[in-house]
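Remarks on the structure that follows.
Because only heavy atoms are used, hydrogens play no part in the values below, and waters and symmetry mates are left out as well, while side chains stay in.
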Amino acid sequence: MSRQVYINGKFVPSDQATVSVFDHGLLYGDGIFEGLRSYGGKVFELKEHVRRLYESALAICLEIPISQDEMCDAIDLAVQTNAIDDGYIRAIVTRGVGTLGLDPNRCSNPQVIIIADTIALYPQEMYENGLEIVTASVIRNHPAALSPRIKSLNYLNNILAKIEGLRAGCVEALMLNHKGEVAECTGDNLFLVRDGKLFTPPLDAGILAGVTREVVVELACKAGIEVLKVALTKHDVYVADECFLTGTAAEVIPVVKVDDRAIGSGKPGPMTLDLKERFHAFARA
Ligand code: PXG
């Protein structure tokens, strides 16, 4: 079905929704984005996603021509205009058209784009039986080179790791950081369960501050589960009782094998299933 895509305040049919080949978003990956979900026509954690978008913009010295409130309204409008119920929204801000050459000061008119569409979920079987993942040899970007907290238009670091995962027959891959610690997966944050406690790497492990991650942490705290944001190693993963991933697309998905080693019982664990249910109830409330 043809979608109406928001570009700089106007809606245009998807086949006419284009950006220039001179846009630095294309030429250099110079821009930022967010991936959001809607449930029953309501955008999930809209303010948090928009705040992260504007933080990414600040980090790359990109001035978004509309306010955060206006961005929230535009995202809501894109969902309504396309009559999206349960869907996926991509908000993008590019540096805009510039000259050939890195200089962002030669760019004008950042392009604000919002695509609202339906989402292709992981197969239901993976939620029921859990994922197998492998550790990628490609490490997460060094935070001093390009902070993983910036959701930039350059996802090659993650794509290279994803290719390794796919070649090993896995839809996700675990990425370590420059210290050899567990960082995150290519498009998902990671959690472990051990002795009834929940563990996830801290932001200074060099990860994206996942919106789903924070929701799951809050839901776990409310359920009386102790949550520790601490550095984790591959060893911690291998000896964990349970493992799961969180992300806008994946929501909460169990991991049952890492690097061909069964995690815990080798089946989705009780705390994972409980938090998955709590997340669904919260998202669809
Ligand atoms: N880490 C990385 C590197 C991500 O890209 C997450 C963690 C999870 O964050 P959220 O805020 O979503 O809980 C992400 C998010 C896609 C897609 O189209 C990818 C993400 C989100 C939505 C869509 O592949 N990654």
Worksheet entry | Non-hydrogen side-chain atoms of M175 and T186 separated by less than 4.5 Å | yes

Item to complete: Taking all non-hydrogen atoms of both residues into account, name the closest pair between V256 and N129 and its distance.
Response: CG1-O, 3.4 Å

Discussion item. Hydrophobic clustering (ILVMFWY, side-chain heavy atoms < 4.5 Å, transitive) - are I7 and I66 grouped together?
Written reply: no

Worksheet item: Hey, does the side chain of N8 reach the backbone of V112 with a donor-acceptor pair shorter than 3.5 angstrom?
Response: yes

Worksheet item: Hey, which of V258, T135, V255 is the one that makes side-chain contact (heavy atoms from CB on, under 4.5 Å) with V237?
Response: V258

Worksheet entry | From CG (L219) to CD (E277), nearest 0.5 Å | 12.0 Å

Practice prompt. Taking E226 for its side chain and G224 for its backbone only, find out whether a donor-acceptor pair lies under 3.5 Å.
Written response: no

Item to complete: Starting from the C-alpha separation in whole Å, work towards a yes-or-no answer on salt bridge (Lys or Arg N to Asp or Glu O under 4.0 Å) for R37 and E45.
Response: CA-CA 8 Å; R37 279 289 276 276; E45 299 292 283; over 6 Å; no

Practice prompt. Considering non-hydrogen atoms only, spot the tightest contact between G247 and D188 and give its length.
Written response: CA-OD1, 3.6 Å

Practice prompt. State whether the number of non-hydrogen atoms from other residues, nucleotides or ligands found under 6.0 Å of Q124 atom CD is greater than 12.
Written response: yes

Practice prompt. Report yes if some heavy atom in the side chain of V43 is under 4.5 Å from a heavy atom in the side chain of D76; otherwise report no.
Written response: yes

Item to complete: Answer yes or no: is there a side-chain heavy-atom contact under 4.5 Å between K197 and V227?
Response: no

Practice prompt. Taking all heavy atoms of V79 and all of G41, pick out the closest pair and write down the distance.
Written response: CG1-O, 3.8 Å

Discussion item. Using a strict threshold of under 4.0 Å (side-chain N to carboxylate O), is an ion pair present between R194 and E242?
Written reply: no

Fill in: Nonpolar side-chain network containing L58, other nodes, edges under 4.5 Å
none

Practice prompt. Starting at CD of E70, measure out to CD of Q68 and round the result to the nearest 0.5 Å.
Written response: 11.0 Å

Discussion item. Has S265 got a side-chain atom pairing as donor or acceptor with K267's backbone, closer than 3.5 angstrom?
Written reply: yes

Worksheet entry | Single-linkage hydrophobic cluster Y127~V193, side-chain heavy atoms < 4.5 angstrom | no

Item to complete: Would you name the heavy atoms of Y28 and L100 that are closest together and state the gap between them?
Response: OH-C, 4.0 Å

Worksheet item: So do the side chains of Y6 and I113 get within less than 4.5 Å of each other, counting heavy atoms only?
Response: no

Worksheet entry | Whether T94 side chain and G31 backbone form a donor-acceptor pair below 3.5 Å | no

Worksheet item: Are any side-chain N or O atoms of D23 and backbone N or O atoms of G25, one a donor and one an acceptor, separated by less than 3.5 Å?
Response: yes

Practice prompt. Report the C-alpha distance between F33 and Y155 in whole Å, list the side-chain angles of each, state the deciding distance to 0.1 Å, and finish with yes or no for ring pair (Phe, Tyr, Trp, His ring centres under 6.0 Å).
Written response: CA-CA 11 Å; F33 77 101; Y155 249 54; 5.3 Å; yes

Fill in: Sub-4.5 Å side-chain heavy-atom contact between F282 and V215
yes

Discussion item. Could you check whether any side-chain heavy atom of V216 comes within less than 4.5 Å of a side-chain heavy atom of R278, counting everything from C-beta outward?
Written reply: no

Worksheet item: Quick one: does E172's side chain have a donor or acceptor within less than 3.5 Å of a partner on C185's backbone?
Response: no

Practice prompt. Output yes when a side-chain donor or acceptor of D241 lies under 3.5 Å from a complementary backbone atom of G196, and no otherwise.
Written response: no

Worksheet item: Would you say S38's side chain and G87's backbone share a donor-acceptor pair under 3.5 angstrom?
Response: yes

Practice prompt. Step by step, work out the side-chain contact (heavy atoms from CB on, under 4.5 Å) result for V182 and D236.
Written response: CA-CA 9 Å; V182 170; D236 294 314; over 6 Å; no

Worksheet item: If we only count heavy atoms from C-beta on, is the L131 to L245 side-chain gap below 4.5 Å?
Response: yes

Worksheet item: Without hydrogens or angle criteria, can the side chains of S137 and E164 be said to hold a donor-acceptor pair below 3.5 Å?
Response: yes

Response to the item:
To the nearest 0.5 Å, atom OG of S147 lies from atom CG of L203 at 9.0 Å

Worksheet item: Can you tell me how far the CD atom of Q111 sits from the CD1 atom of I92, to the nearest 0.5 Å?
Response: 10.5 Å

Practice prompt. Give the intermediate values and the outcome of side-chain contact (heavy atoms from CB on, under 4.5 Å) for residues V217 and K229.
Written response: CA-CA 9 Å; V217 165; K229 293 176 178 170; 4.1 Å; yes

Worksheet item: Crowded around R106 CZ? As in, over 12 foreign heavy atoms under 6.0 Å?
Response: no

Worksheet entry | Closest heavy-atom pair and its distance - I89, I114 | CG2-CG2, 3.7 Å

Worksheet item: Between the main-chain N or O of A116 and the side-chain N or O of R90, is there a donor-acceptor pair closer than 3.5 Å?
Response: no

Fill in: Euclidean distance, I133 CD1 relative to D259 CG, rounded to 0.5 Å
7.5 Å

Worksheet item: Taking all non-hydrogen atoms of both residues, which atom of A161 and which atom of A136 are closest, and how far apart?
Response: CB-CB, 3.7 Å

Discussion item. Strictly below 4.0 Å, N to O, side chains only: are E34 and K151 in salt-bridge contact?
Written reply: no

Discussion item. Side-chain heavy atoms nearer than 4.5 Å, only ILVMFWY residues, links allowed to pass through others: does that put I253 and F44 together?
Written reply: no

Item to complete: For N141 and P148, indicate whether the former's side chain and the latter's backbone hold a donor-acceptor pair under 3.5 Å.
Response: no

Fill in: Derivation of the side-chain contact (heavy atoms from CB on, under 4.5 Å) call for T118 and R3
CA-CA 10 Å; T118 48; R3 298 285 174 205; 3.9 Å; yes

Worksheet item: Do N177 and I139 have side chains that get closer than 4.5 Å, going by heavy atoms?
Response: no

Discussion item. Walk me through whether Y88 and D117 qualify under side-chain contact (heavy atoms from CB on, under 4.5 Å).
Written reply: CA-CA 5 Å; Y88 177 71; D117 208 336; 5.5 Å; no

Worksheet item: Applying ring pair (Phe, Tyr, Trp, His ring centres under 6.0 Å), which residue pairs with at least one partner in residues 237-257 are found, sequence neighbours left out?
Response: F191-F244

Discussion item. Test of understanding: clusters of I, L, V, M, F, W, Y form through side-chain heavy atoms closer than 4.5 Å, transitively. Do V19 and V5 belong to the same one?
Written reply: yes

Worksheet, complete the sentence: Sequence neighbours excluded, the answer for salt bridge (Lys or Arg N to Asp or Glu O under 4.0 Å) partners of R149 is none

Practice prompt. State plainly whether one hydrophobic cluster holds both V93 and L46, where clusters connect Ile, Leu, Val, Met, Phe, Trp and Tyr through side-chain heavy atoms under 4.5 angstrom apart.
Written response: yes

Discussion item. Please report the interatomic distance CG(L190) to OG1(T246), rounded to the nearest 0.5 Å.
Written reply: 8.5 Å

